[in-house]
Amino acid sequence: GGNDGSTGKSASAKEDFVLSGNLAGDGSSTVAPIMEALVEEYAQAEKDVKVSVGVSGTGGGFEKFIAGETDFSNASRPIKDEEKEKLDDAGVEYTELKIAFDGLTIVVNKENDWAKNLTVEDIEKMWVEDGTTKKWSDIDPSWPEEEIIFYAPGTDSGTYDYFNEVILQDSDLVKSATLSEDDNVLVTGIKGDKNAIGFFGYAYYDANKDSLNAVSINDIEPNSKTIESGEYEPFSRPLFVYVSNAALKEKEALRNFMDFVIDNSAEMADAVGYVRLPVTEYDEAKKQLDSVK
Amino acid sequence: MDNNLLIKTNRRIVKDSIMKWLFGTASFLLIVLIAFLFYGIGADGVGRLNLSLFTNFGSRFPEQAGLKAALVGTLSLMAVVIPVSMFIGICSAIYLEEYAVKNKWTAFIEMNISNLAGVPSVVFGLLGLTVFSRALFLGNSILAAGLTMSVLILPIIIVASQEAIRSVPDNLREASYGMGATKWQTITQVIMPSSIGSILTGSILSFSRAIGETAPLIVLGIPVIIQFLPTGPLSTFTALPMQIYDWAKRPQPEFADVASAGIIVLLVILVTMNAFAIYFRNKAMKKLQN
Amino acid sequence: MSSIQPSEKMRTRDVIAAAKKRERFGKLVPHILLVVTSLTVLATLGIVYTLLKETFIFFTHINVSDFVFGTEWAPFSNGSPAFGVLPLLIGTLKIALVALLIAVPVGLACAIFLSEYASPKVKKIIKPIIELLAGIPTIVYGFFALTFVTPFLQTLIPSLKLFNALSAGIVVGIMILPMIVSLSEDALSAVPATFREGAYALGSTRFETAIKVVIPAAVSGIASSIILAASRAVGETMIVSLAAGSTPAFNLDLTGSIQTMTSYIVQVATGDAGYGTTIYYSIYAVGFMLFLFTFLMNRTALYVKTKFREDY
Amino acid sequence: MTLIKDRKEKIGLHVMKNENWKKPVYETNGLNVWYGTSHALKNIDLTINEKEVTAIIGPSGCGKSTYLKTLNRMVETARDVHISGNVTFMGNAILGKAMPVELLRSKVGMVFQKPNPFPKSIYENVAFGPRIHGIRNKVMLDVIVEDSLRKAALWDEVKDRLHKSAYGLSGGQQQRLCIARCLAIDPEVILMDEPTSALDPVSTHKVEELIATIKNDVTIAIVTHNMQQASRISDRTAFFLNGEIVECDRTSTLFSTPEDSRTNDYINGRFG
Amino acid sequence: MTLIKDRKEKIGLHVMKNENWKKPVYETNGLNVWYGTSHALKNIDLTINEKEVTAIIGPSGCGKSTYLKTLNRMVETARDVHISGNVTFMGNAILGKAMPVELLRSKVGMVFQKPNPFPKSIYENVAFGPRIHGIRNKVMLDVIVEDSLRKAALWDEVKDRLHKSAYGLSGGQQQRLCIARCLAIDPEVILMDEPTSALDPVSTHKVEELIATIKNDVTIAIVTHNMQQASRISDRTAFFLNGEIVECDRTSTLFSTPEDSRTNDYINGRFG
Ligand SMILES: Nc1ncnc2c1ncn2[C@@H]1O[C@H](COP(=O)(O)OP(=O)(O)OP(=O)(O)O)[C@@H](O)[C@H]1O
Ligand SMILES: Nc1ncnc2c1ncn2[C@@H]1O[C@H](COP(=O)(O)OP(=O)(O)OP(=O)(O)O)[C@@H](O)[C@H]1O
Ligand SMILES: [Mg+2]
Ligand SMILES: [Mg+2]
């Protein structure tokens with residue numbers, strides 16, 4: 001438990017007091033890289049505030065958040081109704097903060113010189129299970145008559161959830177797809193197979209640009225600009241931090257840290273391969289934070 | 001010489017040599033495999049083995065990422081695991097070997113220990129989460145993880161200690177009792193000094209298991225993003241295998257090298273511990289060799 | 001000699017007083033130790049309680065027989081989530097089977113070599129190295145499987161998927177090897193030297209002695225070592241999570257991605273599934289299943305070891 | 001030797017006034033010992049006299065060791081042992097709860113067939129007994145260790161390496177060390193179970209000499225398979241067979257004119 | 001008996017024509033054996049003659065077992081053993097690579113101090129040797145098993161439970177079973193290392209009788225610590241001390257008029 005009391009003004013005799021305390025967060029591993037960057041920077045600024053962040057997944061994070069074990073929870077999807085209910089039951093009030101976009105990127109093998117662009121409908125046709133074996137030529141007759149090899153994030157991931165929401169719409173994913181919780185594994189898989197296609201977070205594409213091709217969606221190519229502007233639609237999803245109001249009121253350090261998060265998320269998102277939100281979103285978040293008094 | 005017998009015997013000897021060669025090759029292959037494994041895992045990480053790996057906390061920059069928190073965390077974890085598991089383990093072994101009368105309860109305890117030894121580590125994680133983290137309000141502290149790991153290796157320590165105590169020759173016990181020593185005196189002054197070497201051997205091997213176990217830590221939800229060192233047993237922390245697991249999942253390929261470097265560090269710790277275990281074993285064996 | 005008279009060495013009064021004091025303490029000791037020893041029972045109770053509590057809730061959502069006999073495991077499916085545990089069970093068995101196919105022959109060969117052929121010097125070198133293998137964290141093995149074994153096997157079997165039961169099974173086999181080697185070697189070494197002497201003196205070769213005398217005499221120990229190793233393979237988590245994939249498969253194919261009971265637990269523990277959902281409770285049900293499974297295997301090992309022990 | 005006399009008077013459990021030559025130390029009446037269902041000792045009646053050497057002979061498995069171990073109740077450390085009958089030590093019944101075994105054993109030393117020094121230094125081996133009986137004083141321990149090693153005729157051989165491991169000693173030296181270890185607790189009786197059967201001729205000779213010396217101060221019961229040894233060193237000899245006493249008499253009598261033909265057969269090597 | 005004779009003629013390693021009474025089976029010249037640095041046998045010269053019983057006596061640790069085990073090269077199974085010198089068996093050098101140990105041992109049986117039957121049935125124990133030497137034929141095996149058990153004077157006691165575990169037998173029966181197991185490979189020589197020291201008087205007697213019978217067919221070398229046994233059953237006796245041979249002579253001569261005073265001391269029980 002890292003939520004033992006934080007004493008903001010212990011050195012109140014001095015003018016510039018030193019913040020201290022323990023802050024605990026947990027949640028999505030997708031949010032982890034940006035969170036790590038933020039924590040790393042914050043540790044330089046406030047040496048005595050000890051922030052620890054786990055990566056138990058969005059659900060696991062909420063579980064702890066509900067139990068009152070954490071001060072904030074990272075999520076790669078919006079909170080679910082079940083979780084809301086449990087939070088209500090536990091009497092935990094929270095504030096939802098958006099901190100960055102993760103561009104969900106559809107990628108193909110470097111040697112794939114045909115699939116440069118796909119429409120949302122194409123994607124749907126490819127990825128929804130309908131009992132047939134899918135070939136590239138099914139999408140466009142000029143494309144090779146070879147079986148498509150699918151790679152996708154594990155079904156228990158926020159990325160998958162999001163894909164589900166925008167593409168599958170509660171139909172099932174192609175059964176032949178190779179699923180992995182580890183996105184690096186997907187990268188490796190797609191690199192190794194000419195007929196492969198897959199999707200994962202933009203950060204993983206960003207780190208492997210040299211060896212993978214990203215597919216444009218409806219002629220919009222994924223890059224930080226198109227994602228930030230929302231043009232790369234509907235494949236950019238927001239990443240969230242849920243913070244406990246009670247803890248915010250109680251812990252000076254938490255408020256300080258959250259301010260830091262809002263102020264620096266844009267920069268850190270760029271740094272670790274995510275995409276910053278429009279400035280207005282951060283201002284909105286700031287307002288929300290300030291309203292918790 | 002009788003030719004027939006000679007030929008038959010020679011044929012049997014050839015068969016024996018073939019089998020020896022076969023068995024020997026199997027053993028040799030195993031060794032090669034280990035070398036291969038070490039090389040395969042470690043090769044990528046050698047480049048990242050520098051001082052900053054040990055003095056830095058985790059970082060978003062692969063070249064700056066370090067193990068400081070994980071290393072200290074693992075050491076702190078062991079600071080809980082070693083005394084707790086050894087105390088309970090040795091006490092149990094002494095009880096079972098020296099005091100227990102064969103009744104249903106001790107038979108049940110023995111059965112229970114052997115079963116516990118076979119419980120998958122991930123299940124121990126679930127135990128730790130429910131009992132230590134939640135019911136005892138220890139959260140994901142060093143203490144919670146330490147107790148979980150202690151329970152996990154406890155059966156190994158008990159069994160190893162039981163064997164060590166059993167291998168103390170009876171004539172030493174006889175000598176001690178014959179002098180009028182009580183049971184407890186015999187245990188503390190004869191049996192323990194004679195068996196502590198082997199007990200340490202078994203314990204060290206089980207500690208190396210505790211150092212490398214990942215699944216229970218994952219289930220406990222041990223954090224990986226930490227920029228500070230633990231301050232006490234109730235502090236949150238991270239541990240080597242968690243850190244390695246996390247790095248290995250990062251998008252940037254450079255992090256894979258950092259993970260490899262972390263694995264090298266972990267393996268070096270294990271090899272060192274095994275070396276100590278072997279040292280203690282040899283010493284213990286020498287001690288009882290009369 | 002010093003001025004102290006040896007006559008003062010030990011007086012009966014002191015001896016009796018000291019003996020009484022020790023006796024009082026001595027009587028307490030076994031009780032204290034018994035309490036400490038009983039903590040292990042508490043640990044088991046803790047495990048059973050932990051698992052059962054949430055498993056019961058799970059079974060208020062899902063029918064027991066649907067769980068135990070169901071052939072589809074699709075907890076995240078949007079249309080029709082299914083919680084039939086058999087695919088996980090089959091995945092687990094595939095891993096254990098491949099692992100045993102690797103570990104039993106190699107392990108026994110190695111154990112026989114060490115106990116019957118190797119000189120003490122060679123044994124003294126090889127045994128610690130093999131023990132080292134036992135100490136390597138399974139997460140390390142997991143990466144080994146994924147980055148080394150699978151690519152290598154793919155050159156032999158082109159149809160092999162990136163995640164597959166085969167390479168995970170092989171590496172689990174390597175992981176349990178030291179267990180088989182060391183326990184079987186113990187069993188072989190425990191066969192009294194007089195049996196070997198008897199056989200050698202009749203002109204048997206080492207191989208004949210091993211096959212006809214030593215192994216039959218140690219068969220219960222060897223069998224129990226195999227069962228214990230199998231139970232370890234069943235409970236193995238990280239190798240499988242990293243290298244075998246996470247696609248529950250109800251088939252007998254070894255080249256494709258599978259999911260085991262353990263890797264499902266880790267998947268949910270690190271994944272984004274909602275707290276309080278059926279998925280959340282399902283990991284306890286699977287955990288309980290796993291616990292029962294390994295429990296039965298350990299009981300069997302113990303039974304084999306004691307029931308079929310040759311009394312020499 | 002007067003030193004020892006002094007101590008003895010102060011310690012005696014049960015002080016006997018008339019120093020009769022045949023004062024019994026141990027009296028055994030109708031002793032039966034079972035290991036589980038196997039009847040190892042059957043109705044043994046035997047008296048062991050003070051400051052005599054009593055030899056116990058008999059073929060393997062006849063119960064010699066069992067009898068000896070009953071005398072200091074070590075026999076009870078085996079599993080599933082049942083004892084009936086009566087054994088008194090200096091007039092006190094030793095079986096049952098009457099006397100704590102630790103007390104009995106601090107009055108009765110035992111030396112085993114295989115020398116069994118502890119894996120400790122020579123000094124620590126000898127000091128072990130006094131220490132467990134509560135003597136902490138370093139000077140006193142030094143005195144006891146030296147005294148005991150001298151009496152065991154070992155002092156000169158080991159005085160320069162008191163703090164080296166006892167396992168560095170030869171088998172014969174180890175056995176004498178075990179005797180010294182016994183002497184350090186200043187026992188009334190020393191029980192010896194084939195103490196020389198693992199020793200070479202020279203060491204055997206030394207131990208036999210030692211027995212001859214210490215029997216002036218200590219009562220000795222010795223099990224041996226060597227008939228000549230029994231006749232050389234003992235005052236009285238008891239012949240055991242199949243868990244029973246066939247004959248017990250003055251050694252010279254038993255070896256020259258045994259009453260029982262089985263005794264005769266045994267001492268003439270016709271079996272065993 | 002004729003069965004055996006027949007077989008013997010077919011197999012005989014080194015056929016000797018003149019059936020001289022003193023034909024040597026084993027000749028040992030300048031044999032030295034070291035265990036690591038400890039010199040267990042020093043310059044042994046000894047001849048073992050055909051169809052005689054040669055007894056080897058001496059105190060514990062003098063090298064008796066080591067010598068016996070050199071004769072079938074079992075000594076090499078110990079760690080770190082060095083051997084020099086020359087030993088011939090029926091004229092063939094047995095040390096070094098010249099003769100495979102398996103061949104030597106199929107001509108030389110061995111019986112150990114503690115009976116060591118395999119954890120198999122009585123039948124399987126006796127059939128073990130013939131089987132590994134390639135005899136598969138059931139009828140032939142039956143004949144060999146019965147023949148060997150008869151010669152070991154055990155047939156009548158076990159014929160109704162041939163397929164029961166050998167562990168159901170008493171110690172004495174087990175020892176005779178081990179002798180039968182040896183006889184089944186039809187050896188030229190049987191080496192016996194204190195074969196009766198773990199047996200009761202009656203069993204000892206039976207084994208001694210058995211030795212007296214089979215010595216008509218087989219050469220026997222026996223280690224014993226029982227001087228009377230040596231004098232009862234052996235033709236020649238060798239006295240070992242500290243790894244050396246002190247004396248070797250006809251048994252009657254050695255026991256009545258030993259040349260060496262140490263022999264005299266030993267056989268009169270002055271040590272050991
Ligand atoms: N701990 C034990 N459990 C069961 N039986 C035992 C035990 N110790 C001895 N016996 C049996 O009791 C009988 C007497 O044994 P004991 O050791 O007293 O014989 P012994 O005369 O000392 O023989 P040896 O000369 O071989 O030492 C033997 O039959 C033996 O097998
Ligand atoms: N395997 C071994 N390793 C090292 N030393 C040994 C080994 N076997 C015997 N020795 C030593 O060699 C010497 C001769 O031993 P051996 O067994 O031949 O004596 P023995 O005459 O048969 O004695 P016993 O009557 O006790 O059986 C002894 O000092 C013994 O300690
Ligand atoms: Mg005895
Ligand atoms: Mg011997």
Side-chain angles (χ1 to χ4, degrees), chain B residues 12-13 15-16 19-20 22-24 26-27 30-31 33-34 37 40-41 88 91-92 94-96 99 109 112-116 118-123 126-127 130-131 151 154-155 158 182-185 205 208-209 212-215 218-219 241 244-245 248 263 266-267 270-271 273-274 278, chain C residues 22-23 25-26 29-30 33-34 36-41 43-44 46-47 50-51 106 109-110 112-114 117 126 128-133 135-140 143-144 147-148 174 177 205-208 228 231 234-235 237-238 262 265-266 269-270 284 287 290-291 294-295 297-298 302:
Chain B
R12 290 168 46 220
I13 293 171
K15 188 172 173 191
D16 182 55
M19 294 317 284
K20 176 181 180 173
L22 216 80
F23 293 150
S27 312
L30 208 58
I31 308 286
L33 193 83
I34 295 168
L37 200 146
I41 293 298
I88 302 180
C91 282
S92 304
I94 290 175
Y95 180 77
L96 293 170
Y99 285 100
I109 292 178
N112 178 67
I113 290 167
S114 75
N115 287 330
L116 215 50
V119 173
S121 56
V122 70
V123 173
L126 294 174
L127 168 80
T130 313
V131 176
V151 178
L154 197 53
I158 294 178
T182 60
K183 200 157 202 164
W184 185 239
Q185 285 174 322
L205 293 177
S208 60
R209 167 110 191 258
E213 272 295 352
T214 319
I218 290 178
V219 176
I244 293 169
Y245 187 58
I263 287 177
L266 195 54
L267 287 179
L270 291 176
V271 172
M273 287 177 67
N274 278 48
I278 293 162
Chain C
R22 287 195 309 257
E23 198 185 318
F25 178 64
V29 167
L33 291 180
L34 177 61
V36 175
T37 308
S38 302
L39 287 179
T40 57
V41 177
T44 305
I47 288 175
T50 298
L51 296 176
V106 182
C110 193
I112 294 172
F113 179 74
L114 288 180
Y117 286 95
I126 294 190
I129 296 184
I130 290 176
E131 267 165 10
L132 193 62
L133 210 50
I136 295 174
T138 55
I139 176 173
V140 175
F143 289 121
F144 181 66
T147 58
F148 247 80
I174 296 173
L177 249 172
T205 61
R206 280 177 191 268
F207 178 64
E208 287 158 352
L228 284 179
S231 135
V234 163
T237 310
M238 295 316 292
T262 50
I265 296 175
V266 167
T270 55
Y284 287 90
L290 187 62
F291 176 77
T294 51
F295 175 81
M297 291 179 83
N298 290 317
L302 208 69

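Letters A, B, ... are given to chains in the order of the sequence lines, protein chains preceding strands, and every chain is numbered from 1.
- Residue Leu114(C): no heavy atom, backbone or side chain, is found under 4.5 Å from chain B.
- Taking both residues in full, the closest heavy atoms of Asp16(B) and Phe207(C) are given as OD1-N, 2.8 Å, listed atom of the first, atom of the second, then distance.
- Contact between Leu127(B) and Gly46(C) at its shortest, heavy atoms only, is CD1-C, 3.3 Å.
- Using a 4.5 Å cut-off between heavy atoms, Leu39(C) contacts chain B through its side chain alone, with no backbone atom that close.
- A pairwise comparison of heavy atoms in Gly118(B) and Thr294(C) identifies O-CB, 3.6 Å as the closest pair.
- For the atom pair CG (Leu177(C)) and CG (Leu33(B)), the distance works out to 8.0 Å, reported to the nearest 0.5 Å.
- For the options Leu290(C), Thr147(C), Ile126(C), heavy-atom pairs under 4.5 Å to chain B are most numerous at Leu290(C).
- Contact count versus chain C (heavy atoms, under 4.5 Å) is highest, among Thr130(B), Leu266(B), Leu205(B), Ile94(B), for Thr130(B).
- Of the inter-residue distances, the one linking Thr37(C) atom OG1 with Ile158(B) atom CD1 reads 7.0 Å to the nearest 0.5 angstrom.
- Per-residue counts of heavy-atom pairs under 4.5 Å with chain C were compared for Val122(B), Ile113(B), Ile278(B); the largest is that of Val122(B).
- Proximity to chain B (any heavy atom under 4.5 Å) is shown, for Phe295(C), by both the backbone and the side chain.
- Of all heavy-atom pairs spanning Tyr95(B) and Pro30(C), the tightest one is CE1-O, 3.5 Å.
- Within the 4.5 Å cutoff, the side chain of Val234(C) has no heavy atoms near those of the Pro120(B) side chain.
- Between chain B and the residues Val106(C), Ile112(C), Leu302(C), the most heavy-atom pairs under 4.5 angstrom are made by Ile112(C).
- Between Ile244(B) and Val140(C), every side-chain heavy-atom pair lies at or beyond the 4.5 Å cut-off.
- A distance of 7.5 Å separates OG1 in Thr50(C) from CG in Leu126(B), rounded to the nearest 0.5 Å.
- The distance from the SG atom of Cys110(C) to the CD1 atom of Ile31(B) is 7.0 Å, given to the nearest 0.5 Å.
- Here Ile136(C) is the residue among Ile130(C), Thr262(C), Ile136(C) with the most heavy-atom pairs under 4.5 Å with chain B.
- In terms of the side chain to side chain donor-acceptor pair (under 3.5 Å) criterion, Tyr99(B) has no residue partners (sequence neighbours excluded).
- With a 4.5 angstrom heavy-atom cutoff, Ile88(B) touches chain C via backbone and side-chain atoms both.
- Of the possible polar contacts, none joining the Asn298(C) side chain to the Ser114(B) backbone as a donor-acceptor pair under 3.5 Å is found.
- Contacts between Leu132(C) and chain B at a heavy-atom distance below 4.5 Å involve backbone atoms as well as side-chain atoms.
- Rounding to the nearest 0.5 angstrom, the gap separating the CD1 atom in Ile263(B) from the CD1 atom in Ile139(C) is 6.5 Å.
- Residues Thr237(C) and Ser121(B) approach most closely at OG1-OG, 4.3 Å, considering heavy atoms.
- At a 4.5 Å heavy-atom cutoff, the contact between Val29(C) and chain B is made by side-chain atoms alone.
- Contacts between Lys183(B) and chain C at a heavy-atom distance below 4.5 Å are absent for every atom of the residue.
- With a threshold of 4.5 angstrom between heavy atoms, Val271(B) approaches chain C through its backbone and through its side chain.
- Residues Leu30(B) and Phe113(C) are not in side-chain contact: their nearest non-hydrogen atoms beyond the backbone lie 4.5 Å or more apart.
- Considering only residues two or more places apart in sequence or on other chains, Arg206(C) meets the salt bridge (Lys or Arg N to Asp or Glu O under 4.0 Å) condition with none of them.
- With a 4.5 angstrom heavy-atom cutoff, Thr44(C) touches chain B via backbone and side-chain atoms both.
- Of the listed residues Gly287(C), Gly235(C), Ser231(C), the one with more heavy-atom pairs under 4.5 angstrom with chain B than any other is Gly235(C).
- Here CD1 of Ile13(B) is found 8.0 Å from OG1 of Thr205(C). Values are rounded to the nearest 0.5 Å.
- Contacts between Ile47(C) and chain B at a heavy-atom distance below 4.5 Å involve backbone atoms as well as side-chain atoms.
- Leu37(B) touches chain C through backbone and side chain together, each having a heavy atom under 4.5 Å away.
- Listed options Phe148(C), Tyr284(C), Tyr117(C) were ranked by heavy-atom pairs under 4.5 angstrom with chain B; first place goes to Tyr117(C).
- Looking at Leu22(B), there are no atoms closer than 4.5 Å to chain C (heavy atoms on both sides), in backbone or side chain.
- Nearest heavy-atom pair across Cys91(B) and Val36(C) is CB-CG1, 3.7 Å.
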